[in-house]
Amino acid sequence: MFYNSTRNSEVKVSSAEAITQGISVEGGLFVPETIPQLSLDEIKSIGDMKYADRAAYIFAKYLTDFTEAEIHYCTDNAYSTRNFETESIAEIAHLFDGTYMLELWHGPTCAFKDMALQILPYFLTTSAKKINLDKKIVILVATSGDTGKAALEGFKDVEGTSILVFYPEDGVSPMQKRQMKTQEGSNVGVCAIKGNFDDCQNGVKAIFTNDDVKKSLDNKGMMFSSANSINWGRLVPQVVYYVSAYAVLVKDGEIELGEKINIVVPTGNFGNILAAYYAKHMGVPVNKLICASNINNVLTDFINTGVYDRNRQFYATVSPSMDILISSNLERLLYIMTGRDDALIREWFGKLASEGRYEVNAEVKAKLKEEFAAGFCDDSQTKATIHAIYEKYSYTCDTHTAVAVKVYNDYKETTKDNTKTVIASTASPYKFSAAVLEALEGRNSDIDEYDKVGRIAELSNIPVPAALAELRNKPERFNDVIDKSEQKEYVLRTLSI
Ligand SMILES: *Cc1c(COP(=O)(O)O)cnc(C)c1O
């Protein structure tokens, strides 16, 4: 299996090269040249395996340059009860009849990003070894909260790597800030930026593409790599949990082998829902993929009209990990839907960069309608949904997951589609405790973050994840706050260049 670039179909690299490079030189994203297939019998047999082995089975189809031993080294280290709070790694909870919550947040940082970022460091270091890249890998991350912490936990103390995370000083939740400031590990760094997420991101991109910096790094035997979902190594682990969920539902007798399901995904960068699309096209029987957005509803408009237009107001919401106007992974979907037409992708994404807008052709519009449904909701509807499902089903979910539930309820009401449905639950409710508690109690309270956590625990009966509970007494290690103009110097100083 080789990988092409969405902006140049002639590019052909191995998975190890795709994972270490992160992004192709001309700015395209790596995609496998075909989508490997799974038969229904294979899917059924996966149900009897433990999660790490299901993952290994699927990786073997994508990472064909890895040996079986290499793949198992990665999966056994990533998907174990040392890192995850539950044996099954991804839990499936029953919400109501025929509707299942795929809980992807039982990892060390309590958000679904762990599903990929626990394994990415093993993929990266294994890939580097395979292609004889004798360099220390330096991971730079700009984060609006969840990715940064998940990447720190994934890369901490991983030999041959170091990681440096930048977050907007006033742009993350108090819990997310504490998680990052107290980060342990000998190869980690965390720094706040006086600015917003875009400032952090622009700074990181400028450092990545600065030739002088790259040369200095090279002279010291180091290279940059990316932990964002533009890296194929982050996407492929996400395909696994959709296949796994289907296999488990069959095994548990909830669905018949071959029966179609819907999958609902709360979406920002389009990574998680793209993984569901891959699972479908590998052979998991799927009826509709339902794309749920908050009030930053650029994707809802896109799926419904075929026009992608980022020229709009940006809103800060209670589901901040979906506050995004440029969904990078859409490029991979459109590459497939155009029949791998790299010229069209260059044209559309060129327009996105220059005008902030592009419109796809009639063929792609029809395909989008056939595969996807889309909807969005605002903050008050998000909180009302948390409240309603708590009252009705005694289930407490986080704000991102609530967006998905609300969009699904709307979908069901308009379409009367009764297909059994899996909803991706992307974060623990404790991670966004202020909004969740306000939704549960129907009012704002003045108590501090940890007391809010305690209150949610009383109401929900969900145990507080150990990783969040212990934060209260952990010493802060990282208190640097810098101006956005100082980011490059900060990186060079930290790496002793
Ligand atoms: C990152 C994130 C999302 C959005 O996922 P994408 O892959 O960017 O679409 C949704 N919910 C939570 C909690 C997240 O951290």
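Below, all heavy atoms of this structure are taken into account, side chains as well, without hydrogens, waters or symmetry copies. One-based numbering, in listed order, for ligands and for the atoms of each.
Below 4.0 Å from some heavy atom of T267 lie the following atoms of ligand 1, by number and element: 9 (O). Counting atoms of ligand 1 from 1 in the listed order, those under 4.0 Å from a heavy atom of D146 are 13 (C), 14 (C), 15 (O). Atom numbering of ligand 1 starts at 1 in the shown order; those under 4.0 Å from a heavy atom of A427 are 13 (C). If you number the atoms of ligand 1 from 1 as listed, the ones under 4.0 Å from a heavy atom of P266 come out as 4 (C), 10 (C). Close approach to G271 involves these atoms of ligand 1, each under 4.0 Å from a residue heavy atom: 6 (P), 7 (O), 9 (O).
On a distance-only criterion, K113 and ligand 1 share at least one N/O pair closer than 3.5 Å. Not one N or O of D398 is nearer than 3.5 Å to an N or O of ligand 1, by distance alone. At least one N or O atom of G268, backbone or side chain, sits closer than 3.5 Å to an N or O atom of ligand 1. Where the criterion is an N or O separation shorter than 3.5 Å, residue side chain and backbone included, F270 meets it with respect to ligand 1.
Looking at T81 and E87, their side chains never bring a donor and an acceptor atom within 3.5 Å of each other. Residues Y411 and D417 bring a donor and an acceptor atom of their side chains to less than 3.5 Å of each other. Under the 3.5 Å distance criterion, with hydrogens and angles disregarded, no donor-acceptor pair is assigned to the side chains of N294 and D379.
Ranking the protein heavy atoms by distance from atom 7 (O) of ligand 1 puts N272 N, 2.9 Å first. Atom 12 (C) of ligand 1 has as its closest protein heavy atom T426 OG1, 3.4 Å. Remark: minimum distance from atom 3 (C) of ligand 1 to any protein heavy atom is reached at F112 CE2, 3.6 Å.
A heavy-atom distance below 4.5 Å is found between the side chains of V405 and M101.
For atom 6 (P) of ligand 1, the candidate residues are N269, D114, T399; the nearest heavy-atom contact is made by N269.
The ring of Y278 has its center closer than 6.0 angstrom to the ring center of W232. The aromatic ring centroids of F123 and F59 lie less than 6.0 Å from each other.
A salt bridge does not link E359 to K351: none of the charged nitrogens lies less than 4.0 Å from a carboxylate oxygen. Using a 4.0 Å cut-off between charged nitrogen and carboxylate oxygen, D170 and K194 do not count as a salt-bridge pair.
Ligand 1 lies out of reach of W105, whose nearest heavy atom is not under 4.0 Å from it.
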**Message:** Evaluate D342 against R346 for salt bridge (charged side-chain N to carboxylate O under 4.0 Å, His left out), listing each step before the verdict.
**Reply:** CA-CA 6 Å; D342 53 353; R346 284 196 301 275; 3.7 Å; yes

